[in-house]
Enquirer: 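Before we start, here is the structure in question, set down as structure tokens.
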Amino acid sequence: MIAADDVSKWLRGICIAAALSIGVTIASALAQTAASIPSTAPAGSGPIPAAEVIAKSSELTTLLAVLTHKFAPSDVIQDLKSSLPNLSGQIDLDFTDTSATLGDQPPLETLRAQHALWQRWHQQISAGLTLLTQRAAGLREALDRLANLRDTWALTRDTAQSQGAPASIRQRIEASLTAIEAMQSQLKLQEEEVLGLQGELAREVARCDETLAQVSKAQESAVEGIFARENPSIWSTDLWDHALTALPRSMPVISRGFWLNLLKYLQDPSRGMPLHAALFAVLAALAYVIRRKYRRSMPGGTGEASAANVFERPFSAALMITLIVATGELSQTPERAKDVLLALMLVPTYRLTHPAIDPRLSRAVLAAVILYLCELVRQSLGGALLVEQAMLMLESLAAIAVLGWLFDDERLRIVTGPSPENFRARSVPRLIKALVLFLLAGFLTASFGYTRLARLITPGALYGGILALSLYAFVRVISGAVAVALRSWPLRKLNMVGNHFDRMEALVSRVLTWLSAAMWANRLLAYIGLSDPAISLAKAILDFKLARGSISVSIEDILAFVLTAWAAFLLSAFIRFALQEEVYPRRGIAHGLSYAYSRLVHYIILTLGFLAGLGVLGMDLTKYTGFAQMTDAV
């Protein structure tokens with residue numbers, strides 16, 4: 001048996017030899033690269049001897065050809081140059097819109113949208129500025145080299161004239177000097193152009209930095225003063241006088257900002273509109289094909305009816321998925337265009353959820369849709385005085401009326417079910433009462449001028465409700481698609497699908513529900529403008545260290561260990577399930593032997609998962625005796 005020390009020494013020797021080999025290879029490659037680049041006399045050297053003029057002239061010709069190829073006109077830079085006026089114009093328009101928005105008292109969601117907008121501008125311009133900086137550095141290096149070469153060849157010309165060199169040599173020297181000067185002129189023109197573009201982009205970056213600083217300051221002020229009284233009470237005459245004067249000036253700016261965002265989404269391909277249209281077309285065609293299939297033949301099972309109901313509205317299903325993608329956090333869609341798309345999302349949301357909801361509750365769903373449309377209008381006003389307060393109050397009262405309409409014995413039984421003893425029957429009335437109190441607080445805070453706090457309460461409740469409804473429709477679409485996939489070839493040939501279809505569908509539905517809950521929380525926090533504080537708080541919690549002696553472990557490490565072990569357990573369960581349903585019956589393996597195989601697989605995967613979890617914690621497994629013994633055995 002080989003000792004662990006011998007193995008470690010052997011591995012260490014191999015690593016050292018490999019490192020030396022790699023170092024020699026890299027050095028050789030660098031030497032070959034340096035040799036492949038033509039070189040001429042360095043700066044400060046004497047004149048080129050007459051016997052070497054022809055050879056050095058040939059090297060110079062090769063060098064100039066290399067520089068000509070390297071600094072050929074760049075399509076990227078030309079595109080940047082041609083698009084710069086349009087880019088500056090769009091930034092000017094966004095700057096005007098942002099300045100008008102910050103002039104009022106915008107809500108946190110509006111400030112978050114503005115911050116995301118200027119971050120995207122900053123990233124886009126910085127990428128172009130980096131490209132120009134690299135180009136300018138290369139041009140300057142080439143020009144410095146050409147200046148040294150020109151000095152050398154000029155000295156060579158003077159020496160050749162004083163020594164009476166042959167005419168052919170002097171002609172070759174003059175031709176070399178002319179070629180160098182021509183290349184210098186060409187590269188200087190490029191350098192001037194690049195430096196000019198650099199200056200323009202640098203000014204735009206500075207403007208982005210300034211605007212981002214202003215937006216960040218407004219965000220900090222909005223978060224810190226969330227419990228401060230921002231405006232006068234709704235019945236204040238000063239508020240009415242100021243609003244009647246400021247609103248006519250702000251409405252054109254708001255409408256112009258909306259129009260510019262829509263034009264940007266429709267005309268700029270980088271904003272994703274062509275991709276969204278293509279996605280909708282593909283999904284709509286696929287959903288239409290599935291609907292035709294299910295209309296011809298309805299197989300038995302639990303999920304087929306749900307799938308058929310969803311795909312009876314193929315265009316709504318395709319539009320729902322497309323709009324969720326288009327309005328996501330990673331989407332490049334302009335923020336105010338997202339508001340329009342969110343309003344458009346209400347149409348497929350209502351159409352997809354309506355068949356699954358009792359007709360006696362459809363009025364509540366329609367009322368929620370209308371209230372959310374009012375909320376989008378309020379948000380688009382960007383904090384206009386008086387109008388925003390009045391809309392927050394009206395939204396709160398309307399939502400309270402809808403909840404009061406739901407708080408009826410007959411309608412509550414529809415929501416909670418016939419049994420009065422289940423958990424839902426006990427929790428739903430309490431939830432409705434809590435929401436009524438929550439919205440009543442929103443009404444009071446808005447009426448007394450605590451607008452920042454009211455923006456968190458009423459919009460959060462309305463957006464949370466409509467977002468839950470939209471995600472419910474989304475889960476129905478995906479669940480229907482999974483039901484179709486499980487009944488399609490080749491999955492329908494699998495025993496684990498045929499024997500456990502209902503179980504697999506329920507599992508998929510449960511996973512989708514949890515993912516939707518996470519998406520709901522993320523989007524709700526982003527909507528009310530608290531995503532950044534929530535992320536900062538989560539990072540602070542995860543970075544908290546638990547120390548005892550020399551051992552220090554963070555909450556993040558512990559969570560990673562738990563998740564790794566849990567993932568190993570789930571992987572083991574799935575593999576054992578697949579073996580039990582697909583492999584053992586087809587191979588005719590006896591029950592006792594199959595049980596032994598499954599337990600062996602289970603223990604191996606759990607052990608590997610445990611070791612991976614320890615690695616995630618940062619522990620050096622080679623320091624433990626048990627692991628070293630396993631290494632010796634191998």
Side-chain angles (χ1 to χ4, degrees), residues 90 116 120 124 258-299 303-356 369 372-373 376 466-467 469-492 505 508-509 511-512 515-516 519-520 523:
Q90 291 182 357
R120 284 196 296 267
Q124 181 179 347
F258 252 99
W259 178 246
L260 291 175
N261 271 252
L262 287 176
L263 284 180
K264 189 184 300 182
Y265 177 64
L266 295 174
Q267 296 176 356
D268 188 355
S270 65
R271 297 299 180 176
M273 197 277 289
L275 180 62
H276 299 156
L279 177 62
F280 171 73
V282 171
L283 293 176
L286 183 61
Y288 184 76
V289 170
I290 294 174
R291 184 181 72 171
R292 291 189 61 184
K293 172 185 175 182
Y294 272 84
R295 279 184 173 178
R296 286 197 303 265
S297 60
M298 276 288 294
E304 285 74 7
S306 174
N309 289 333
V310 168
F311 292 108
E312 278 297 318
R313 294 170 171 80
F315 298 108
S316 294
L319 185 60
M320 166 61 67
I321 297 178
T322 303
L323 292 178
I324 285 180
V325 173
T327 57
E329 289 292 323
L330 301 179
S331 174
Q332 295 296 317
T333 305
E335 293 299 327
R336 295 196 174 179
K338 282 185 180 181
D339 293 339
V340 177
L341 296 181
L342 285 171
L344 183 60
M345 192 191 298
L346 298 176
V347 177
T349 296
Y350 183 75
R351 286 181 55 81
L352 291 172
T353 55
H354 186 264
V369 170
Y372 184 63
L373 283 174
L376 289 177
I466 205 68
L467 180 61
L469 197 64
S470 301
L471 290 175
Y472 172 67
F474 174 74
V475 169
R476 291 195 75 227
V477 173
I478 302 300
S479 298
V482 169
V484 170
L486 291 177
R487 286 303 185 188
S488 301
W489 187 88
L491 292 180
R492 66 185 179 192
E505 186 194 8
V508 169
S509 178
V511 171
L512 288 174
L515 290 177
S516 298
M519 187 184 300
W520 179 86
R523 286 204 170 190

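Positions are given from 1 along the sequence. Computed from a predicted structure; not experimentally measured. Quick note: numbers below take in every heavy atom, side chains included, and nothing from hydrogens, waters or symmetry partners.
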Enquirer: Can you tell me if CZ on F280 sees more than 12 non-hydrogen neighbours from other groups inside 6.0 Å?
Expert: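 Yes, CZ of F280 has more than 12 neighbouring heavy atoms, counting only those of other groups under 6.0 Å.
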
Enquirer: Distance from T322 atom OG1 to L283 atom CG, nearest 0.5 Å?
Expert: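 Answer rounded to 0.5 Å: 5.0 Å.
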
Enquirer: Could you check whether any side-chain heavy atom of V347 comes within less than 4.5 Å of a side-chain heavy atom of L319, counting everything from C-beta outward?
Expert: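 When only atoms from C-beta onward are counted, L319 and V347 do not touch, as no gap falls below 4.5 Å.
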
Enquirer: When you measure from the side chain of R313 to the backbone N and O of R351, does any donor-acceptor pair fall under 3.5 Å?
Expert: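 Judged by distance alone, yes, a pair lies under 3.5 Å.
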
Enquirer: When you measure from the side chain of S331 to the backbone of A326, do you find a donor-acceptor pair of N or O atoms at a distance under 3.5 Å?
Expert: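 Judged by distance alone, yes, a pair lies under 3.5 Å.
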
Enquirer: Which atoms form the tightest heavy-atom contact between A284 and A318, and what is the distance?
Expert: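 In terms of heavy atoms, the two residues are closest at N-CB, 3.3 Å.
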
Enquirer: What distance separates L341 CG from M273 CE, expressed to the nearest 0.5 Å?
Expert: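 Nearest 0.5 Å value for the CG-CE distance: 10.5 Å.
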
Enquirer: Nearest 0.5 Å please: distance from the CG atom of L286 over to the CD1 atom of I321.
Expert: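 It comes to 9.0 Å.
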
Enquirer: Once you round to the nearest 0.5 Å, how far does NE2 of H276 lie from OG1 of T327?
Expert: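 Reported value, rounded in 0.5 Å steps: 9.0 Å.
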
Enquirer: Check for a donor-acceptor pair, side chain of R476 on one end and backbone N or O of L352 on the other, with a separation under 3.5 Å.
Expert: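 Judged by distance alone, yes, a pair lies under 3.5 Å.
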
Enquirer: Nearest 0.5 Å, please: how far is CD1 in I324 from CZ in R523?
Expert: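 That separation rounds to 6.5 Å.
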
Enquirer: Checking side-chain contact (heavy atoms from CB on, under 4.5 Å) for the pair T349/V369: CA distance, chi angles, key distance, verdict?
Expert: CA-CA 9 Å; T349 296; V369 170; 5.9 Å; no

Enquirer: Could you measure the distance from the CD1 atom of I478 to the CE atom of M320? Nearest 0.5 Å is fine.
Expert: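 Result: 10.5 Å between the selected atoms.
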
Enquirer: Between S516 (side chain only) and L512 (backbone N and O only), is there a donor and an acceptor less than 3.5 Å apart?
Expert: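 Yes, S516 side chain to L512 backbone: donor-acceptor pair under 3.5 Å.
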
Enquirer: Which atoms form the tightest heavy-atom contact between A337 and Y265, and what is the distance?
Expert: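 The answer is CB-CB, 4.0 Å.
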
